[in-house]
Amino acid sequence: MSRPFTPSPNIVRLKESATLAVAARARALRAQGIPVIDLGAGEPDFDTPAFIRQAAAAAVEAGATRYTATEGIPPLRDAIAAEANRWLPAGATPFSASEVVVSNGSKQSLYNACVALFGPGDEVLVPTPSWTSYYEMLELARTTAVPVFGQAANGLKVTADELERAATPRTRGLMLNSPCNPTGAVYSRHELEEILALADRHGWWVISDEIYRRIAYDGEALSLSQLDAPRDRLVLINGVAKAYAMTGWRIGWSIAPVALSKAMTAVQSHATSNPAAVSQHAALAALTRLDESDAAVKTMVAAFHARRDAVLDALGALAPRAVHPAGAFYLYLDVSSVGGDDPGAAFAAALLDRYQVAVVPGSGFYTPGWIRASYATAQATAVEGVQRIVRLLTEGL
Ligand SMILES: Cc1ncc(COP(=O)(O)O)c(C=O)c1O
């Protein structure tokens with residue numbers, strides 16, 4: 001007799017990732033021979049630049065096949081600190097390698113931070129819509145995620161006032177993500193300063209997910225490190241996945257006060273140990289061979305920029321229904337006009353059915369009136385997909 005699996009209390013409220021679910025459905029249709037335009041993906045469509053791949057191959061041949069220190073190899077931690085220091089304003093205190101913990105992707109760094117900082121009874125503010133994993137990580141840390149909804153008129157970004165209204169005496173921190181997944185919105189210097197001042201007044205931790213920082217189109221997207229603010233409650237999260245088209249290598253990092261970095265290292269040491277040695281060497285090449293990597297980033301961002309402009313063009317008169325995508329590679333579109341309890345899910349299902357275009361329903365980001373379309377795909381494909389979205393939105397469900 002086979003006994004059923006009963007989920008533990010740790011995971012009983014955990015949800016499947018909405019983005020992965022859509023990708024799986026699109027793959028299933030493709031497997032049946034149905035051509036699908038996949039605007040569901042959350043990863044660059046480019047190959048990892050050749051010099052990085054070659055550096056990794058050379059590192060394997062040179063013996064990068066063993067365990068490393070949990071927090072990463074020293075030259076990579078140095079390179080990550082140096083990379084963060086490249087963008088600091090003149091006179092700012094530089095970061096040091098002792099504040100850096102390298103992980104298996106920025107996702108793990110975010111998880112390390114949530115588990116090390118928060119626990120039962122704590123509340124953490126999550127500007128919403130937001131990347132779905134923040135909620136689930138906080139759930140795994142047995143912490144209450146408190147959604148704070150931004151206004152459409154403000155690109156769905158939250159203001160310091162909105163955060164303050166959602167706070168309680170149990171609030172311990174907030175998650176920030178600029179450029180934002182799923183909206184592509186970028187917070188201005190003034191908006192960030194106000195939020196940081198609020199957090200500082202309350203002693204909240206700010207976890208700043210800056211994974212899309214280099215993918216910005218209307219001027220620079222700021223790192224919180226570039227603002228003149230105390231760092232004793234600040235966790236910067238970044239990685240190589242998006243800027244260098246290195247999603248599969250799984251390298252991310254946190255930059256945080258040394259005591260917290262040690263705690264996060266301890267968490268990681270018991271969960272996964274070090275990130276793959278070969279991947280650390282690949283990331284080292286990306287972060288130290290700056291002429292080559294800056295050129296590669298520039299080329300990829302220019303392509304994303306051209307696609308961003310092209311998909312906005314394709315939206316035509318419907319463009320005001322989208323959040324202005326100033327960064328990342330997502331178009332977030334208001335489809336609430338189709339009506340029902342979950343307009344985004346109904347729209348996404350009809351779109352896949354009738355027009356073979358995969359997008360992610362906004363319910364995955366706690367905003368069911370919306371859909372997310374990724375333009376991390378060939379420009380003609382992205383434009384064709386958005387034209388079909390316009391067709392369905394115009395004709396209705
Ligand atoms: C906002 C955001 N943060 C973090 C990640 C995870 O990135 P990584 O591949 O570095 O774990 C993603 C990936 O989709 C993301 O969209």
Side-chain angles (χ1 to χ4, degrees), residues 71-72 76-89 92-118 124-127 130-131 133-134 137-138 172-181 186-189 191-193 195-200 203-216 220-244 246 251-265 267-268 275 283 286-287 297 327-328:
E71 63 273 30
L76 180 57
R77 295 171 75 210
D78 284 339
I80 289 166
E83 169 64 19
N85 293 336
R86 274 216 287 166
W87 312 99
L88 291 183
T93 310
F95 292 106
S96 78
S98 60
E99 295 162 282
V100 174
V101 180
V102 187
S103 69
N104 295 277
S106 64
K107 190 178 255 187
Q108 185 176 27
S109 296
L110 287 158
Y111 178 79
N112 288 345
C114 289
V115 167
L117 286 173
F118 311 123
V124 174
L125 305 179
V126 184
S130 82
W131 186 49
S133 290
Y134 301 144
M137 287 173 189
L138 289 166
R172 296 282 173 268
L174 72 103
M175 314 294 291
L176 263 188
N177 178 216
S178 174
C180 175
N181 177 7
V186 173
Y187 283 73
S188 69
R189 176 180 290 274
E191 289 166 333
L192 294 174
E193 279 170 351
I195 291 172
L196 278 187
L198 170 74
D200 189 45
W204 296 338
W205 283 94
V206 178
I207 300 181
S208 182
D209 178 352
E210 305 184 350
I211 190 77
Y212 294 102
R213 197 183 79 73
R214 296 205 55 193
I215 307 176
E220 189 185 17
L222 288 170
S223 161
L224 293 193
S225 63
Q226 293 168 285
L227 306 183
D228 183 20
R231 289 186 188 158
D232 61 330
R233 287 282 179 274
L234 182 60
V235 185
L236 301 172
I237 304 285
N238 211 328
V240 292
K242 315 287 178 172
Y244 306 99
M246 293 178 67
I251 293 290
W253 57 81
S254 53
I255 305 181
V258 172
L260 172 59
S261 295
K262 286 191 174 146
M264 290 193 285
T265 302
V267 171
Q268 184 167 300
L287 296 179
V297 171

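Side-chain contact check for Tyr134 versus Val124: every heavy-atom pair is 4.5 Å or farther apart. Using a 4.5 Å heavy-atom threshold, the side chains of Arg77 and Val102 count as touching. Counting heavy atoms from C-beta outward, Leu227 and Leu222 have side chains that approach closer than 4.5 Å. Within the 4.5 Å cutoff, side-chain heavy atoms of Val235 are placed close to those of Leu117. With a 4.5 Å cut-off on side-chain heavy atoms, Val100 and Leu76 do not count as touching. Between Leu236 and Trp253 the shortest side-chain heavy-atom distance does not fall below 4.5 Å. Leu176 has its side chain within reach of Val206: a pair of non-hydrogen atoms, C-beta onward, lies under 4.5 Å apart. Using a 4.5 Å cut-off on side-chain heavy atoms (C-beta onward), Glu193 and Ser188 make no contact.
Here the side chain of Arg213 pairs a donor or acceptor atom with the backbone of Ala221 at under 3.5 angstrom. The main-chain N or O of Gly105 is never found under 3.5 Å from a side-chain atom of Gln108 such that the two would form a donor-acceptor pair.
To the nearest 0.5 Å, atom CD of residue Glu71 and atom OG1 of residue Thr265 are 5.0 Å apart. Of the inter-residue distances, the one linking Leu138 atom CG with Ile207 atom CD1 reads 7.0 Å to the nearest 0.5 angstrom. A distance of 13.5 Å separates CD1 in Ile237 from NZ in Lys107, rounded to the nearest 0.5 Å. To the nearest 0.5 Å, atoms CE (Met137) and CH2 (Trp131) are separated by 4.5 Å. One distance of note links CG of Asp200 with CG of Asp232; it measures 7.0 Å at 0.5 Å rounding. Rounded to the nearest 0.5 angstrom, Leu234 CG and Ser254 OG are separated by 11.0 Å.
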Between Met264 and Ser109, does a side chain to side chain contact (heavy atoms under 4.5 Å, CB included) hold up when you go through it step by step? CA-CA 8 Å; Met264 290 193 285; Ser109 296; over 6 Å; no
Run the side chain to side chain contact (heavy atoms under 4.5 Å, CB included) check on Met175 and Leu125 step by step: do they pass? CA-CA 6 Å; Met175 314 294 291; Leu125 305 179; over 6 Å; no
Side chains of residues 80-88: which donor-acceptor pairs under 3.5 Å do they make with residues two or more places apart or in other chains?
| unit_1 | atom_1 | unit_2 | atom_2 | d |
| --- | --- | --- | --- | --- |
| Glu83 | OE1 | Arg86 | NE | 3.2 |
| Glu83 | OE1 | Arg86 | NH2 | 3.2 |
| Glu83 | OE2 | Trp87 | NE1 | 3.0 |
| Asn85 | OD1 | Phe95 | N | 2.7 |
| Asn85 | ND2 | Ala81 | O | 3.1 |
| Asn85 | ND2 | Phe95 | O | 3.1 |
| Arg86 | NH1 | Asp294 | OD2 | 2.9 |
| Arg86 | NH2 | Asp294 | OD1 | 3.1 |
| Trp87 | NE1 | Glu83 | O | 3.2 |

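Closest approach of Ser106 to Asn238, counting heavy atoms only: CB-O, 3.6 Å. For the pair Ala116 and Leu260, the tightest heavy-atom approach, listed with the atom from each and the gap, is CB-CD1, 3.9 Å. Annotation for Leu196 and Ala229: closest pair CD1-CB, 3.6 Å, computed over non-hydrogen atoms. Residues Ser261 and Ser98 share a closest heavy-atom pair of CB-O, 4.0 Å.
Asp78 pairs by the side chain to side chain donor-acceptor pair (under 3.5 Å) definition with nothing, not counting sequence neighbours.
Sorted by first and then second residue, the side chain to side chain donor-acceptor pair (under 3.5 Å) pairs with a member in residues 221-231 read Glu210-Ser223, Glu220-Gln226, Ser223-Ser225; sequence neighbours excluded.
No side-chain donor from either of Asn177 and Tyr212 sits under 3.5 Å from a side-chain acceptor of the other.
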